[in-house]
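A, B, ... follow the sequence lines: proteins, then strands. Residue 1 opens every chain.
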Number of protein chains: 2
Amino acid sequence: MPKFISNNKVYYTPVEYVLSKVGGTYKMPLLWRLKDQGKRFSELKNSFERISDRMLSKSLKELVDDQFLAKKVFAEIPVRVEYHITEKGKRAIPIISSLRDYGFQLINEDGIQIEP
Amino acid sequence: MPKFISNNKVYYTPVEYVLSKVGGTYKMPLLWRLKDQGKRFSELKNSFERISDRMLSKSLKELVDDQFLAKKVFAEIPVRVEYHITEKGKRAIPIISSLRDYGFQLINEDGIQIEP
DNA sequence: CTGCATCCCAGACGATACTG
DNA sequence: CAGTATCGTCTGGGATGCAG
């Protein structure tokens, strides 16, 4: 097996590396919501049924730090902040798209109820 | 947003559901290793540089419970156990394949050293 | 050989309160 | 409006030891 080192952390598989970047509950759903146009913090917050400010803020910050997203701050009062997908982020979209499709397929196969 | 309920747990996105099934450090790499032929516990263990018996056992068990893998026990002494991918498991392979490709691409973009 | 039991830790995530 | 701070909980994962 190969072996990748980044930030003093060792990864043993490419899948492990990808998930360390865009895994977790919110990162891919966030990129997906931003794939076509920028959105502001509150828009993103309202697009999830439940997400704490903390997790939204933390997830966005990490995506910005890893260059999947860019942050634009407008010096208005009250401030307006917009998040946009970057070129790097766009390269993740096809993967997220197929993961989503597969997700719906799995949900179907597993006979899971979708609540209205 | 839709909303899925399975085992008294609520999922809000298809991605979240997929990752609950095949996410984590080992599940996709395990399915990948089993895509073409069955392997036994010890073979799988040796194919990872480091993995505890506990995590290998736990990951395999969950994949079997969720029908991505099937387990065959041979009543020999000492026992031999083989794991095979199922039809359901095979449907995950294309996704894992593209995630892997994307992983290598990301590792490249990020300029990460691959250790020999 | 296979794999469970136990103990432990770090990190993910939630809830609430507070600020520029 | 867009966060940060703090605290608490739960799970993923590692280490070790034992068992059929």
TODO: May I ask you to establish whether B/K72 and B/F74 are in a cation-pi arrangement, using a distance under 6.0 Å from NZ or CZ to the six-membered ring centre and at most 45° from the ring axis?
DONE: no
TODO: Validate the cation-pi geometry between B/R33 and B/Y83: distance from NZ or CZ to the six-membered ring centre under 6.0 Å, angle to the ring axis within 45°.
DONE: no
Please state how far atom [atom1] in [X] lies from atom [atom2] in [N], giving the value in whole angstrom units.
{"X": "B/E62", "N": "D/dT11", "atom1": "CD", "atom2": "P", "answer": "12 Å"}
{"X": "A/L56", "N": "C/dA12", "atom1": "CG", "atom2": "P", "answer": "16 Å"}
{"X": "A/I51", "N": "C/dT16", "atom1": "CD1", "atom2": "P", "answer": "16 Å"}
{"X": "B/K71", "N": "C/dC1", "atom1": "NZ", "atom2": "P", "answer": "16 Å"}
{"X": "A/Y12", "N": "D/dG13", "atom1": "OH", "atom2": "P", "answer": "14 Å"}
{"X": "B/M55", "N": "C/dC4", "atom1": "CE", "atom2": "C1'", "answer": "14 Å"}
{"X": "B/K39", "N": "C/dC1", "atom1": "NZ", "atom2": "P", "answer": "17 Å"}
{"X": "B/F41", "N": "D/dG20", "atom1": "CZ", "atom2": "C1'", "answer": "14 Å"}

May I ask you to evaluate whether [X] reaches the phosphate of [N], defined as a side-chain N or O under 4.0 Å from OP1 or OP2?
{"X": "A/S52", "N": "C/dA15", "answer": "no"}
{"X": "B/R50", "N": "D/dG14", "answer": "yes"}
{"X": "B/K27", "N": "D/dG13", "answer": "no"}
{"X": "A/K58", "N": "D/dA2", "answer": "no"}
{"X": "A/R40", "N": "D/dC1", "answer": "no"}

TODO: Nearest-nucleotide wise, let me know which of A/K61 and B/T25 is further upstream toward the 5' end of DNA chain D.
DONE: A/K61
TODO: Between B/D53 and A/Y83, name the one whose nearest nucleotide on DNA chain D is closer to the 5' end.
DONE: A/Y83
- [ ] Output yes when a side-chain donor or acceptor of A/K71 lies under 3.5 Å from a complementary backbone atom of A/L60, and no otherwise.
- [x] no
TODO: Answer yes or no: is there a donor N or O on one side and an acceptor on the other, between the side chain of A/N108 and the main chain of A/F104, under 3.5 Å?
DONE: no
TODO: Give one of base, sugar-phosphate or nothing for A/K45, where a contact means two heavy atoms less than 4.0 Å apart.
DONE: nothing
- [ ] Would you mind checking if A/E62 and A/K58 are paired as a salt bridge, meaning a charged N to carboxylate O distance below 4.0 Å?
- [x] yes
Task: Contact nearer the 5' end of DNA chain C, comparing A/Y26 with A/P78 - done: A/Y26
Which of the following nucleotides, [options], is nearest to the side chain of [X]?
{"X": "B/R54", "options": "D/dG14, C/dT2, C/dG14", "result": "D/dG14"}
{"X": "B/S57", "options": "C/dG3, C/dG14, C/dT2", "result": "C/dG3"}
{"X": "A/V81", "options": "D/dA2, C/dC13, C/dC1", "result": "D/dA2"}

